[in-house]
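I have placed the structure first, in the form of structure tokens, so that the comments after it can refer back to it.
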Amino acid sequence: MPKRERTPTTYSRITQPMVRDEKGGPLRAAGWDEALDRAARGLAAARGAFGMFSCSRATNEMNYVAQKFTRVVMGTNNVDSCNRTCHAPSVAGLAAAFGSGGGTSSYEEVEHTDVVLMWGSNARFAHPIFFQHVLKGIRNGARMYAVDPRRTSTAEWAESWLGLNVGTDIPMAHAIAREIIHAGLHNEAFVERATTGFAEYAAEVEPWTLEAAERVTGVPAAAVREVAHAYARAERAQLCWTLGITEHHNGTDNVRALINLALLTGHVGRYGSGVQPLRGQNNVQGGGDMGAIPDRLPGFQDILEDGVRRKFETAWDTVIQPRQGLNLTKMFEAMESGELRAVYCVGENPAQSEADSEQAVERLRRLDCLVVQDIFMTKTAELADVVLPATAAWCESSGTTTNSERRVQLVRKAVDPPDGARDDIDIICDLATRLGHPWKYADAESVWDELRSLSPQHHGMTYERLRDNQGIQWPCPDLDRIGPGFLHGRLWADDPDERGRRAPFGIVRHDPPVDETDDRFPLRLTTGRRLDSYNTGVQSGSYASPLRRGEYVELCPEDAERYGVRAGERVRVASRRGEVEAPVWIDPALRPGLAFMAMHFPDEVDTNKLTIEANDPIAGTAEFKASAIRIERLTRPAVGS
Ligand SMILES: Nc1nc2c(c(=O)[nH]1)N[C@H]1C(S)=C(S)[C@@H](COP(=O)(O)OP(=O)(O)OC[C@H]3O[C@@H](n4cnc5c(=O)[nH]c(N)nc54)[C@H](O)[C@@H]3O)O[C@H]1N2
Ligand SMILES: Nc1nc2c(c(=O)[nH]1)N[C@H]1C(S)=C(S)[C@@H](COP(=O)(O)OP(=O)(O)OC[C@H]3O[C@@H](n4cnc5c(=O)[nH]c(N)nc54)[C@H](O)[C@@H]3O)O[C@H]1N2
Ligand SMILES: [Mo]
């Protein structure tokens, strides 16, 4: 591979508020008073047409205050976060099956299990801490199988790799289910006692013989058969998935197809067996749990339930809209129609992270008022009317965060923030005060205690107990008890009354990616992550890394030859939305017809100019994992060469 000198993109911490005097004019430095007054005026003028983007990097306490600001000060439920671009289908799928939106197991359990299915997940790169537990599991004798179109670094550790075509996960899951049923390996007793809809499900998967699935997924029948038998015969098994499953126009259906496998085999609700969406940002689970989503109040309590709303209305002395707010995707659509006119964006960078980013930037530009509160000057902040410099939740402020195993942990301030930056919660409370709601919290703990008084599943987690126990997993309703760590043990209860609602099978169908490949756009582009960089590169771009090699369009050797391009050569990459230029990287882990790009280097290559914003009707998540592209050489070879 060619070596390439590069200067890393550098982002500077912001330490000074900024305002823009007129649309199209420059941002200029301002004092806190001026900036906050400007923000307050801009937001007040758009009451009823307001949206909040809340930060999944920041604490639970910050997310609690952000959603309360949205509901109480601005009178709307339009609050959301990066969960929408990410695991919203997992939350929707889990809630539909089990009634709550969290992964069912603890990390530790993967060390004490027999089979691990890593489905659409590159945990070796994206969840390295969890992956350490997986490696321990493998050392203890567990077999891991990877289901991913790319032979990833995670797949290198697997017993076998099922390299399926992008967007064919439902045929794969259905074929595994059919094989299990036909081999008589399903857990009939569990299906009978704890689930509903088995007959309909069995009929739905019946056409998906291993051979029929092979024609669609591209994976040899024998390899799928092995995985089906291993998963079904295992005493304990974990099914883990991430964005290879969720970032599709039918992500929720994909999630249901995987949960079905756990229901069929009874691999849920017991120590060592469960279903785990490995969540994205460090506190995206917590942000949702705190109600920074449009359909739930803190504690994942349903906003449509009168009793729930009444409880919060009394506590907050307000009236809560009795309907779900707009999710992030719908908020962007509402910017287009003019229904949404002001956005308060706290620690999100949608100008880069949204699919079809040129369209997203256009929509952000249309707003009457965009307030961005961040720790770095981002592409989104460059579009703002007011920029507010915050302290980083990680190490500069205190509070709690919640990881994918639902464990709430304390984070403590360890270093002083840069002069000029203010704490996220302080800034939001100051704005609330300017808008007629004089809020003041003495510290993060007092926010947490308010949350505990309103959320039964967090009630037992005082700061003191969190400190003493190195974190506690929800649900923890009692002050004197800690739960078993895994969820839905009730499904195994002998007494039918204790079992609660049964878990329904999801009846879902294959639906191929929206952006079809054809003669003009013959390559399937999937996008994702690298070990060395983080999301839009804002936080990871500012330090040098010996690993980081910048953005490339990755192709397999056969495709490089087919299109006559060499390693390191700059090419044009075009989709139906837009085009970018990028150098070629040749990666034998890809299969013919499949290209890969990351999303970490917007200054060099804005990958999201290419992606399609076709999205899941239930969860609103875009199909980041499946676009159709072509590559073109920038210079034609000279005649005769
Ligand atoms: N180093 C690093 N770690 C991170 C992040 C980061 O930016 N950098 N970001 C964090 C965040 S916000 C998140 S959400 C997580 C995401 O973590 P992951 O979801 O593991 O990361 P991705 O690379 O986006 O996608 C995972 C895999 O999906 C595969 N895939 C693509 N299409 C399909 C398909 O149709 N079917 C199947 N089965 N698989 C498919 C891709 O080949 C890829 O290997 O990572 C978190 N951790
Ligand atoms: N092509 C493609 N696009 C994708 C994806 C993909 O797989 N492919 N994945 C999607 C996914 S899963 C995600 S999660 C999104 C990520 O999308 P974003 O959330 O928009 O991206 P981040 O880079 O994580 O932005 C986080 C921001 O929070 C700021 N921040 C960090 N800590 C704090 C804090 O304590 N306070 C405040 N106020 N700000 C803070 C950071 O400086 C940064 O600007 O991208 C999505 N976009
Ligand atoms: Mo994410």
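Predicted, not measured: the structure shown is a model, and the values here were computed from it. Whatever order the structure lists ligands and atoms in, that order sets their numbers, starting from 1.
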Atoms of ligand 1 less than 4.0 Å from [X] heavy atoms?
| X | answer |
| --- | --- |
| G528 | 22 (P), 23 (O), 24 (O) |
| R530 | 1 (N), 2 (C), 8 (N) |
| S533 | 1 (N), 2 (C), 6 (C), 7 (O), 8 (N) |
| G167 | 34 (C), 35 (O) |
| L531 | 1 (N) |
| L243 | 14 (S), 16 (C), 19 (O), 24 (O) |
| H600 | 7 (O) |
| K625 | 22 (P), 24 (O), 25 (O), 28 (O), 31 (C), 32 (N) |

Checking a contact table here: which protein heavy atom is nearest [atom], and how many Å away?
| atom | result |
| --- | --- |
| atom 42 (O) of ligand 1 | D148 OD1, 2.7 Å |
| atom 4 (C) of ligand 1 | A126 O, 3.6 Å |
| atom 8 (N) of ligand 2 | T527 OG1, 2.9 Å |
| atom 15 (C) of ligand 2 | T85 OG1, 3.4 Å |
| atom 19 (O) of ligand 1 | T242 OG1, 2.7 Å |
| atom 26 (C) of ligand 2 | G347 O, 3.7 Å |
| atom 32 (N) of ligand 2 | R57 CB, 3.5 Å |
| atom 2 (C) of ligand 2 | F624 CD2, 3.3 Å |
| atom 31 (C) of ligand 1 | T526 OG1, 3.2 Å |
| atom 17 (O) of ligand 2 | S353 CB, 3.1 Å |
| atom 34 (C) of ligand 1 | G244 O, 3.3 Å |
| atom 10 (C) of ligand 1 | R529 NE, 3.7 Å |
| atom 14 (S) of ligand 1 | C86 SG, 3.0 Å |
| atom 40 (C) of ligand 2 | C55 SG, 3.8 Å |
| atom 38 (N) of ligand 1 | D169 OD1, 2.8 Å |
| atom 41 (C) of ligand 2 | D374 OD1, 3.3 Å |

Subject >> T380 backbone acceptor or donor facing N349 side chain under 3.5 Å >> reply: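 Yes.
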**OP:** Mark yes or no for whether H600, through its side chain, and R530, through its backbone, hold a donor-acceptor pair below 3.5 Å.
**Re:**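 Checked: pair present.
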Do [X] and [Y] meet the cation-pi criteria used here (NZ or CZ under 6.0 Å from the six-membered ring centre, within 45° of the axis)?
| X | Y | answer |
| --- | --- | --- |
| R124 | F130 | no |
| R630 | F521 | yes |
| R422 | W32 | yes |

Enumerated ligand 2 atoms positioned under 4.0 Å from heavy atoms of [X]:
| X | answer |
| --- | --- |
| D424 | 34 (C), 35 (O), 36 (N), 37 (C), 38 (N) |
| A390 | 38 (N) |
| C82 | 14 (S), 19 (O) |
| F376 | 42 (O) |
| A393 | 34 (C), 35 (O) |
| T378 | 44 (O) |

Short N/O distance, under 3.5 Å, between [X] and ligand 2?
| X | value |
| --- | --- |
| E247 | yes |
| W394 | no |
| Q281 | yes |
| Y534 | no |
| T607 | no |

Original post:
Do any nitrogen or oxygen atoms of T168 come within less than 3.5 Å of a nitrogen or oxygen of ligand 1?
Top reply: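 For ligand 1, there is no N or O atom that lies under 3.5 Å from one belonging to T168.
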**OP:** Examine V166 against ligand 1 and note whether any of their N/O atoms are separated by less than 3.5 Å.
**Re:**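 Min N/O separation from ligand 1 is not below 3.5 Å for V166.
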Report the member of [options] with the shortest heavy-atom distance to [atom].
| atom | options | value |
| --- | --- | --- |
| atom 33 (C) of ligand 1 | P149, P277, G120 | P149 |
| atom 1 (N) of ligand 2 | T621, N608, N282 | N608 |
| atom 23 (O) of ligand 2 | T536, D356, I14, L525 | T536 |

Below 4.0 Å from ligand 1: does a non-hydrogen atom of [X] turn up there or not?
| X | value |
| --- | --- |
| T246 | no |
| H248 | yes |
| H127 | yes |
| V147 | yes |

Original post:
Does the side chain of M118 come within less than 4.5 Å of W241's, by heavy atoms?
Top reply: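 No, too far: nothing below the 4.5 Å cut-off.
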Original post:
Does the side chain of N60 come under 3.5 Å of the side chain of N283 through a donor N or O and an acceptor N or O?
Top reply: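 Yes, because at least one side-chain N or O of N60 sits under 3.5 Å from a partner of the opposite role on N283.
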Original post:
For R577, which of D606, D515, D356 qualifies under salt bridge (charged side-chain N to carboxylate O under 4.0 Å, His left out)?
Top reply: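 Single pass found, and it is D515.
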Original post:
Does a salt bridge link E362 with R365, judged by any charged N lying under 4.0 Å from a carboxylate O?
Top reply: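 Salt bridge present between E362 and R365.
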Original post:
Going by heavy atoms, is T391 under 4.0 Å from ligand 2?
Top reply: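 Right, T391 reaches ligand 2.
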Original post:
Is it true that F596 and Y552 have ring centroids separated by less than 6.0 Å?
Top reply: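 Aromatic pair excluded; centres sit 6.0 Å or further apart.
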